[in-house]
Amino acid sequence: HAVIKNGCAEPITELSIKPESLSAGSSWRESLAYIGVPARGRAVMMCIDQFRYRYRDGLPSIYSAEAVTPFAMRMRSIFPRFLGSEYMDSPEVAKELFPIPNEDLQRLSFPSASFDMIVTNEVLEHVPDIDRALAEMYRVLKPGGVHVGTVPFLYLDELGAERAVLGEDGQVLHLLEPQYHGDPMSDKGVLVFEIPSWDILGRARKVGFRDAYIRFIISSRYGIVAEHCGGVLALCLEK
């Protein structure tokens, strides 16, 4: 109620956001959006702000697995060394969106030790092999680099829920009722392969991350709130 009445500030820039500039969404986590960036996105910005002064001039090189979203456009306006990409399985779509990079988190094209930070917002659940994506992110991060981001998270369970897998022929095999989330690249939505839980932390350490933890973020100052547990859960991995 305080945010709705008084507004909030934007992490990193400390820009004052008036309450009339905040828009509604499908949930509290996806609501209170300023220039399209909801509470969830500002929680990730808080994480970025926490880590960015480890790097030169507080302006790290950042790779994000999104390029056309409001969050990506906001990051591009703040960080000169920000690179966003989209995953496009259609050559026609990739050609149409050129020069936006086409990247698969399971097979990144970047050299090892390329970035100070990697950001994934609501992406990992759509990757067929999360462990392979974790290993690739570890590879392209510089020593001391960090990953921050959000993912739908089964915080009451020890293990995640695998909903679909790829067969040897590349066809999708559904283990549970198919679930789709919104996709900025398509009106059809994008399939959910796995909803992670606490076991993702051990899986991240297994591929090499020296630290892996979930950060609980709730803030009236920055307009960050969510239903269920009250705040946003951010996945933080440190190399």
Side-chain angles (χ1 to χ4, degrees), residues 1-53 58-60 62 64-79 82 84 86 117-126 146-157 179-187 189-190 192 195-198 200 213-237:
H1 294 290
V3 177
I4 294 174
K5 179 181 178 180
N6 303 317
C8 61
E10 183 183 55
I12 303 175
T13 67
E14 294 297 330
L15 178 71
S16 179
I17 304 171
K18 296 181 179 180
E20 57 267 28
S21 298
L22 296 168
S23 59
S26 58
S27 64
W28 282 113
R29 186 173 181 266
E30 301 297 332
S31 192
L32 300 174
Y34 171 66
I35 54 176
V37 179
R40 168 177 57 78
R42 286 195 297 278
V44 173
M45 291 177 72
M46 275 190 68
C47 292
I48 293 173
D49 197 37
Q50 172 192 357
F51 290 117
R52 69 189 180 104
Y53 288 106
L59 297 173
I62 303 176
S64 181
E66 56 187 298
V68 300
T69 62
F71 177 87
M73 289 185 277
R74 188 59 179 147
M75 289 297 97
R76 194 174 296 117
S77 72
I78 298 171
F79 295 102
F82 175 90
E86 296 289 346
M117 284 189 186
I118 292 178
V119 179
T120 63
N121 294 320
E122 311 297 282
V123 171
L124 291 178
E125 71 271 25
H126 302 299
V146 297
H147 161 277
V148 297
T150 61
V151 62
F153 192 73
L154 300 175
Y155 61 91
L156 295 178
D157 301 323
Q179 186 178 107
Y180 296 86
H181 292 169
D183 182 2
M185 302 298 296
S186 170
D187 294 332
V190 57
V192 174
I195 303 293
S197 187
W198 297 102
I200 196 173
Y213 52 94
I214 299 294
R215 184 179 176 190
F216 175 81
I217 304 173
I218 184 169
S219 172
S220 58
R221 173 172 176 76
Y222 295 116
I224 299 169
V225 66
E227 42 285 303
H228 305 306
C229 65
V232 174
L233 300 175
L235 175 64
C236 300
L237 310 175

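A salt bridge does not link Glu10 with Arg221: none of the charged nitrogens is closer than 4.0 Å to a carboxylate oxygen.
Here the side chains of Thr69 and Arg74 are not in contact, with every heavy-atom distance at 4.5 Å or above. The shortest side-chain heavy-atom distance between Met117 and His147 does not fall under the 4.5 Å cut-off. Proximity of Ile78 to Thr13: side-chain heavy atoms (C-beta onward) are separated by under 4.5 Å at one or more points. Considering only heavy atoms from C-beta on, Arg215 comes within 4.5 Å of Gln50 through its side chain. Put simply, the side chain of Val3 reaches to within 4.5 Å of the side chain of Leu22, judged on heavy atoms.
Remark: Asp157 engages Leu154, Ser197 in a side chain to side chain contact (heavy atoms under 4.5 Å, CB included) (not counting sequence neighbours). By the ring-ring contact (aromatic ring centres under 6.0 Å, His included) test, Phe153 is found to be paired with Trp198, residues two or more places apart in sequence or in another chain being considered. Partners of His228 under the ring-ring contact (aromatic ring centres under 6.0 Å, His included) rule, at least two apart in sequence or in another chain, do not exist in this structure. With sequence neighbours left out, Tyr180 forms a side chain to side chain donor-acceptor pair (under 3.5 Å) with no residue at all.
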Val119 vs Phe71, test: side chain to side chain contact (heavy atoms under 4.5 Å, CB included). Steps then yes/no. CA-CA 11 Å; Val119 179; Phe71 177 87; 3.9 Å; yes
Please walk me through it: do Phe79 and Arg52 pass side chain to side chain contact (heavy atoms under 4.5 Å, CB included)? CA-CA 10 Å; Phe79 295 102; Arg52 69 189 180 104; 4.0 Å; yes
Test side chain to side chain contact (heavy atoms under 4.5 Å, CB included) on Met73 and Val68; report intermediate values, then the result. CA-CA 7 Å; Met73 289 185 277; Val68 300; over 6 Å; no
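Listed for the Glu86 side chain is no donor-acceptor partner under 3.5 Å among the backbone atoms of Ala65. Looking at Thr120, its side chain never comes within 3.5 Å of a backbone N or O of Val123 through a donor-acceptor pair. When atom types are taken as modelled, the side chain of Glu227 and the backbone of Trp28 share a donor-acceptor pair closer than 3.5 angstrom. Panel note: side chain Arg76, backbone Ala67; a donor-acceptor pair is recorded below 3.5 Å. Under the 3.5 Å distance criterion, the side-chain polar atoms of Glu122 are matched with a main-chain donor or acceptor of Val151.
Of all the heavy atoms in Ile217 and Ile224, the pair that sits closest is O-CG2, 3.5 Å. Closest of all the heavy-atom pairs between Val148 and Cys47 is CG1-CB, 3.8 Å. Gly230 and Ile218 make their closest contact through O-CD1, 3.3 Å (heavy atoms, listed as atom of the first residue, atom of the second, distance). Taking both residues in full, the closest heavy atoms of Phe82 and Glu66 are given as CZ-O, 4.3 Å, listed atom of the first, atom of the second, then distance. Looking at every heavy atom in both residues, Met75 comes nearest to Ile48 through SD-CD1, 3.9 Å. Between Pro196 and Pro152, the closest heavy-atom pair is CD-O, 3.3 Å.
Residue Leu233 holds its CG atom at 14.0 Å from OH of Tyr213, rounded to the nearest 0.5 Å. Atom CD1 of Ile214 and atom CG of Leu235 lie 4.5 Å apart (nearest 0.5 Å). A distance of 9.0 Å separates SG of Cys229 from CZ of Arg29, quoted to the nearest 0.5 Å.
For residues 16-26, there are no side chain to side chain donor-acceptor pair (under 3.5 Å) pairs, not counting sequence neighbours.
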Output side-chain donor-acceptor pairs under 3.5 Å for residues 35-43, partner residues at least two apart or in another chain, one line each.
unit_1 : atom_1 : unit_2 : atom_2 : d
Arg40  : NE     : Glu30  : OE1    : 3.4
Arg40  : NE     : Glu30  : OE2    : 2.7
Arg40  : NH2    : Glu30  : OE1    : 3.0
Arg42  : NE     : Tyr222 : O      : 2.7
Arg42  : NH1    : Leu32  : O      : 2.8
Arg42  : NH1    : Val37  : O      : 3.2
Arg42  : NH2    : Leu32  : O      : 2.8
Arg42  : NH2    : Gly223 : O      : 2.7

